[in-house]
Amino acid sequence: MSSSSFKIAALAGDGIGPEVMREAIKVLRVIEKKFGFKIEITEAPVGWAGIDAAGKALPDDTLALCRKSDSILFGSVGLPDRDPTIPKEQRPERAALLRIRKEFGLFANLRPVQLPKALAHACPLRVERQGDGIDVLVVRELTGGMYFGQPKKTEEISEGGKTFQRAIDTMVYTTPEIERIAHVAFKAAAGRRKRLTSIDKANVLENGILWRDVVTRVGKEYPGITLEHMFVDNAAMQLMLKPTQFDVMLCENMFGDILSDEAAALAGSLGMLPSASLGVTAGEKTFGFYEPAGGTAPDIAGKNLANPIAQILSTALMLRYSLGLNEAAAAIESAVKKAIEAGNRTGDIFTASETGAKRVGTKEMGDAIAAAI
Ligand code: NAD
C-alpha cells in the first residue's frame with residue numbers, strides 16, 4: 001500500500017476491552033514514530049459501552065466510523081450479568097459482532113497460535129512434543145458451510161405412529177467460496193514456512209470432495225507452497241501428537257471453529273491469542289477486523305490483571321493484512337517475544353516455580369513491549 005496515512009476505528013467494548021486496548025494503542029504510537037507513518041485512531045463505543053452511550057450495541061455513529069476506516073481494531077463485548085436483561089437479538093455479540101461480520105463480508109478468519117519456548121510451562125503438552133516452539137496459523141472460512149446452509153430448521157414428523165422432532169442443518173459450499181478462502185491461505189503460507197495442510201472429510205462428505213478438488217486446483221497457482229490434505233479427525237489427533245508439523249491449516253467453517261480452539265489450547269492462555277477476520281480485497285486494500293480470541297473476562301476486568309498480548313498481536317495482524325506494513329507488524333511480534341523472554345508474565349501465564357519470571361500487570365506488560373520496540 002503506497003499511502004503512509006491510515007484510518008482505523010478502535011472499538012474497545014466491555015470488561016477488559018478498554019484496558020487491553022489502551023496498551024495496544026500505546027504500542028501503535030511507538031511503532032508509528034519508529035517507522036514514520038501516521039495512523040489516525042478514532043475510538044468509539046460498542047457492546048454495553050454502546051448501549052450505555054447511545055442505546056444500541058452497535059451505535060449508528062460507530063458503524064459510520066467503521067465504514068470510513070481502513071480497518072477495525074476491536075476489544076471484546078458482552079457482560080454475562082447484563083446480557084440476559086435484554087432480548088437476544090439486541091445483545092452485544094449478536095447485535096454488534098455478528099452484525100459487523102455481515103456488514104463487512106468478513107469471510108476469512110485467521111488465528112495464529114504461537115507458543116514461544118519461554119512459555120513451554122503454559123502448554124498442556126509435554127515439552128518434548130513442543131519442538132522448537134509451536135507456530136500454527138489456522139485459516140477458517142467464516143461465512144459458509146453448515147452454520148449458514150439452507151434448509152436449517154427443527155420440524156415435527158410422524159413415523160410408525162410416533163411423533164418426534166427432526167433437526168436439519170445443511171452443509172453447502174460453492175466453488176467460488178472455496179477458491180477465495182484457499183487464496184487467502186496460500187498467500188498466508190507464502191509469507192510463512194510455505195506449507196499448507198487443507199482439512200476436509202473427503203472420505204464421507206460431498207463437500208469434502210469438492211473442497212479437496214478446488215484447493216488442489218488453486219494450489220497449482222502457488223508452486224512454491226507444499227500442499228497436503230488431511231481428514232479432520234486425523235488433524236484433531238495430529239494437533240495433539242505433533243503440532244510442530246503444521247504451518248498453515250485451511251478449514252471450512254465448522255472444522256475451523258473446532259480445530260482453532262483446540263490449537264488455541266496449545267498456547268496456554270486465551271490472553272496470548274490474536275485473530276483477524278478479513279473481507280474481500282479491493283485493489284490493494286483488504287478490510288479487516290482484528291480482535292483477541294478471548295472475551296471480556298469480567299472476572300479480572302478493571303484490576304490491571306488482563307494479558308494485553310492478544311490485543312497487541314491483533315494490532316500487528318492489522319498492520320500486516322490491512323495496512324500492508326509488514327516490517328512494523330514483525331517489529332511488534334518481536335517486541336512481544338522479547339518482553340516474554342525478559343520474564344514478564346501476567347497472571348494467566350505466570351507460574352511461581354519458573355525461575356526469572358516476574359508477575360506484572362496489564363499496563364506493565366504494555367510498557368515492557370513498547371520499550372522493546
Ligand atoms: P472469556 O474469554 O472472557 O474468559 C474466559 C477465561 O479466560 C476467564 O477466566 C478470563 O479471565 C480468561 N481470559 C480471557 N482473556 C484474558 C486475558 N486477556 N488475560 C487473562 N485472562 C484472560 O470468556 P467468557 O467468560 O466465557 O465470556 C465473558 C463474556 O465475554 C461473555 O459475555 C461472552 O459473551 C463475551 N465474549 C465475547 C467475545 C467477543 O467479543 N469476541 C468472545 C468470547 C466471549
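Remember, it's 1-based here, ligands and their atoms both numbered in the order they're listed.
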- Query: What protein heavy atom sits nearest atom 13 (N) of ligand 1, and how far away is it?
  - Reply: A297 CB, 4.0 Å

- Any N or O of F74 that comes nearer than 3.5 Å to an N or O of ligand 1? no

- Backbone or side chain, does any N or O of A306 fall under 3.5 Å from an N or O of ligand 1? no

- Message: Please compare L97, N307, I300 and report which has the shortest non-hydrogen distance to atom 22 (C) of ligand 1.
- Response: I300

- Atoms of ligand 1, numbered as shown, that sit under 4.0 Å from any heavy atom of D83: 32 (O)

- Could you tell me whether the side chain of E252 and the main chain of M254 form a donor-acceptor pair under 3.5 Å? yes

- If you count the atoms of ligand 1 from 1 in the order shown, which ones are under 4.0 Å from a heavy atom of L79? 32 (O)

- Note on the structure: Taking only non-hydrogen atoms of S76 and a 4.0 Å limit, the atoms of ligand 1 in range are 39 (C), 40 (O)

- Flag atom 36 (N) of ligand 1 as yes if some protein heavy-atom distance to it falls below 4.0 Å, otherwise no. yes

- Message: Applying a heavy-atom cut-off of 4.0 Å, say which part of P308 lies close to ligand 1: side chain, backbone, both or neither.
- Response: neither

- Message: I need the atoms of ligand 1 closer than 4.0 Å to a non-hydrogen atom of E291, numbered in the order shown.
- Response: 41 (N)

- Go through ligand 1 atom by atom and flag the ones less than 4.0 Å from a non-hydrogen atom of P298. 28 (C)

- What do you reckon, is NZ of K194 surrounded by more than 12 foreign heavy atoms closer than 6.0 Å? yes

- Message: Using a 6.0 Å cut-off, check whether atom NZ of K26 has over 12 heavy atoms from anything other than its own residue.
- Response: yes

- Within a distance of under 4.0 Å, is there any protein heavy atom near atom 26 (O) of ligand 1? no

- side chain to side chain contact (heavy atoms under 4.5 Å, CB included) with N344: which residues, sequence neighbours excluded? A339, A342, K358, V360, M365, A368

- At a 4.0 Å cut-off, with the gap strictly under it, does some heavy atom of A310 reach an atom of ligand 1? no

- Query: Do the rings of F287 and F104 sit parallel, tilted or perpendicular, given the 30° and 60° boundaries?
  - Reply: parallel

- Task: Only one of Q311, E19, R22, K303 passes side chain to side chain contact (heavy atoms under 4.5 Å, CB included) with T362; say which it is.
- Result: E19

- Message: Against ligand 1, does V77 come closer than 4.0 Å with any heavy atom?
- Response: yes

- Query: Do M230 and L210 share a hydrophobic cluster, counting only Ile, Leu, Val, Met, Phe, Trp and Tyr and linking them when any side-chain heavy atoms are less than 4.5 Å apart?
  - Reply: yes

- Report the member of D348, D299, L270, T346 with the shortest heavy-atom distance to atom 10 (C) of ligand 1. D299

- Task: Report, as yes or no, whether the 6.0 Å neighbourhood of atom NZ on K337 holds more than 12 heavy atoms from other residues, nucleotides or ligands.
- Result: no

- Going by the order shown, which atoms of ligand 1 are within less than 4.0 Å of some heavy atom of G294? 2 (O), 42 (C)

- Query: So, do F74 and Y290 have ring centers that fall under 6.0 Å from each other?
  - Reply: no

- Charged N to carboxylate O below 4.0 Å: is that the case for R212 and D200? yes

- Item | Donor-acceptor under 3.5 Å (D14 side chain, V77 main chain) | no

- Task: Output yes when R345 and E354 qualify as a salt bridge under the 4.0 Å nitrogen-oxygen rule, no when they do not.
- Result: yes

- Message: Considering both backbone and side-chain atoms of S269, is one of its nitrogen or oxygen atoms within less than 3.5 Å of a nitrogen or oxygen in ligand 1?
- Response: no

- Task: Mind checking whether E93 contacts ligand 1 via backbone (N, CA, C, O), side chain (CB onward), both or neither, at a 4.0 Å heavy-atom cut-off?
- Result: side chain

- Query: Between I16 and ligand 1, which part of the residue brings a heavy atom under 4.0 Å of the ligand: side chain, backbone, both or neither?
  - Reply: side chain

